[in-house]
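First listed ligand is number 1; within each ligand, the first listed atom is number 1.
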Amino acid sequence: MKFTEATASSPAKFKRVGVVGGGQLASMMGDAARALGIELVVQTPDAADPAVSVAAGAVLAAVDDVLATAHLADGCDVITFENEFVDLDGLRILEQQGVLFRPSLSSLSPLLDKYVQRCYLQGLGLPTPKFWAWDCSQDLHLDFPFVVKVRRHGYDGQGTFIVKDRESFESICDRVKGQSLLVEEFVPFDRELAVIAARSATGEMAIYPIVETQQQNQVCRVVIAPADISLEVQTEACAIARTLLNSLEAVGVFGIELFLTADNKLLVNEIAPRTHNSGHFTINACKTSQFEQHLRAVCQLPLGNCDLKCSSAVMVNLLGYESAESDYLAKRKQLAQISGAFVHWYGKKVSRPGRKLGHVTVLFDAGLGENEGKSASAIAQTIESIWYAT
Ligand code: ADP
């Protein structure tokens, strides 16, 4: 297919985009919006949230506050999401009144509950881990380890529990009692992969190079682009993305997390109906960032080119490791000294353990000879040893 090179010259059909959510994902959409001549208005609870300072306006309210979304929609051509923890039934009333959501609410509805999402994938004939709905009241006859997940509002591993033995099972039950849950088989995967894919309102599709993601305690630490996988696996991952986005009639960027097993089988773990952490490398490493791509899809501009501008890249999340109010300027300066490094800081005022505060992307082979011979893992280790040093 032919791509349009990302330039500021293409006139966007929609000029003012409302974004439900105002965290780092909305904030990183800010630069792309400026380049495309689009204004962003965000709906987010706190004036200190990362996207407020880059947006043309903000409605300060919770993301599931439907009246606030109605207010947001008043001044915007289209509403999109950086956060899926919304009140879908409430938003349907706005959609009936003519508010344009991209992706549409019918694209979101099979995805917001992890059990419903799994059933949807199964219905499409896509491979997933074996799963069951559960609510702590029924007996479970599963061998350890297995996985328990809260069906809604889980993120960054909050709400995902690997159950290793009876003792951990009991303490997890105490934590999740009363919630609707998903139980699934533990997949002893070889690697985790992610596909970032975009679909336009006319069904045009653009897929970024498949990446490897590395998690610790269920939280993403490192993303390597492109993943070192066979052509067959790449082709299958792209086919999964196409089936899914076409079936959902998706508009915008979606993130698809996959498990790759030792015998080269792919299983779909999760779909995020928005830009995704595993796509942050695209800002510096690709011809079109995932944030620009999302706005292009939502505003009816032709999709941009997903190709890498370098031979490979590694992205490392800067996760909070203490409760503090610091801007970690000295560490950020040190990270910026790494050859080929781009340091992104989300401007959050408060750090907490596990909170995503920023990320670093390092490009290889973009005329930056100092990284020659170094592996992505070695660079990731260097970044983490600087960042987590106390
Ligand atoms: P969240 O929505 O909070 O990101 P995920 O379902 O994506 O939660 O799980 C987070 C991480 O937990 C995954 O990236 C993976 O490392 C691990 N995980 C989740 N489900 C399984 C599973 N069935 N088997 C093995 N590991 C899993």
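Ser375 and Ser377 are not linked by any side-chain donor-acceptor pair at a separation below 3.5 angstrom, with hydrogens and angles left out of the test. With 3.5 Å as the limit, one finds a donor-acceptor pair spanning the side chains of Glu212 and Gln214.
Heavy-atom proximity to Gln218, at under 4.0 Å, picks out these atoms of ligand 1: 10 (C), 11 (C), 12 (O). When each atom of ligand 1 is checked for a heavy atom of Glu184 under 4.0 Å away, the hits are 20 (N), 21 (C), 22 (C), 23 (N).
Looking at atom 3 (O) of ligand 1, its nearest protein heavy atom turns out to be Gly157 N, 2.7 Å. What sits closest to atom 21 (C) of ligand 1 on the protein, heavy atoms only, is Phe259 CZ, 3.5 Å. In this structure, atom 26 (N) of ligand 1 lies nearest to the protein heavy atom Phe189 CE2, 3.6 Å. The protein atom (non-hydrogen) at minimum distance from atom 16 (O) of ligand 1 is Glu192 OE2, 2.7 Å. Of the protein's heavy atoms, Thr160 OG1, 3.1 Å lies nearest to atom 8 (O) of ligand 1.
Considering Glu257, Gln117, Lys149 only, the shortest heavy-atom separation from atom 19 (C) of ligand 1 involves Lys149.
Using a 30° and 60° split on the angle between ring planes, Tyr208 and Phe281 fall in the perpendicular class, above 60°. A perpendicular orientation is assigned to the rings of Trp345 and Tyr328, their planes being inclined by more than 60° (bins at 30° and 60°).
Contact annotation for Tyr155 and ligand 1: only backbone heavy atoms (N, CA, C, O) come within less than 4.0 Å of the ligand. Residue contacts with ligand 1 for Val187 involve both N, CA, C or O and side-chain atoms from C-beta outward (heavy atoms, distance under 4.0 Å). With a heavy-atom cut-off of 4.0 Å, Asp156 touches ligand 1 through its backbone alone. At a heavy-atom cutoff of 4.0 Å, ligand 1 is contacted by the side chain of Gln215 but not by its backbone.
The cationic atom of Arg274 (NZ for Lys, CZ for Arg) does not lie both less than 6.0 Å from the six-membered ring centre of Phe85 and within 45° of the ring axis.
Of the candidates Arg199, Glu204, Glu292, Met205, Glu204 is the only one forming a side chain to side chain contact (heavy atoms under 4.5 Å, CB included) with Leu303. Among Asn277, Val223, Ile283, the single residue meeting the side chain to side chain contact (heavy atoms under 4.5 Å, CB included) criterion with His359 is Ile283.
Salt-bridge annotation for Arg151 and Asp113: present, with a side-chain N of the basic residue lying under 4.0 Å from a carboxylate O of the acidic one.
Checked against a 3.5 angstrom limit, the closest N/O atoms of Glu270 and ligand 1 fall inside it.
Hydrophobic clustering (side-chain heavy atoms under 4.5 Å, transitive across Ile, Leu, Val, Met, Phe, Trp, Tyr) groups Leu94 together with Val20.
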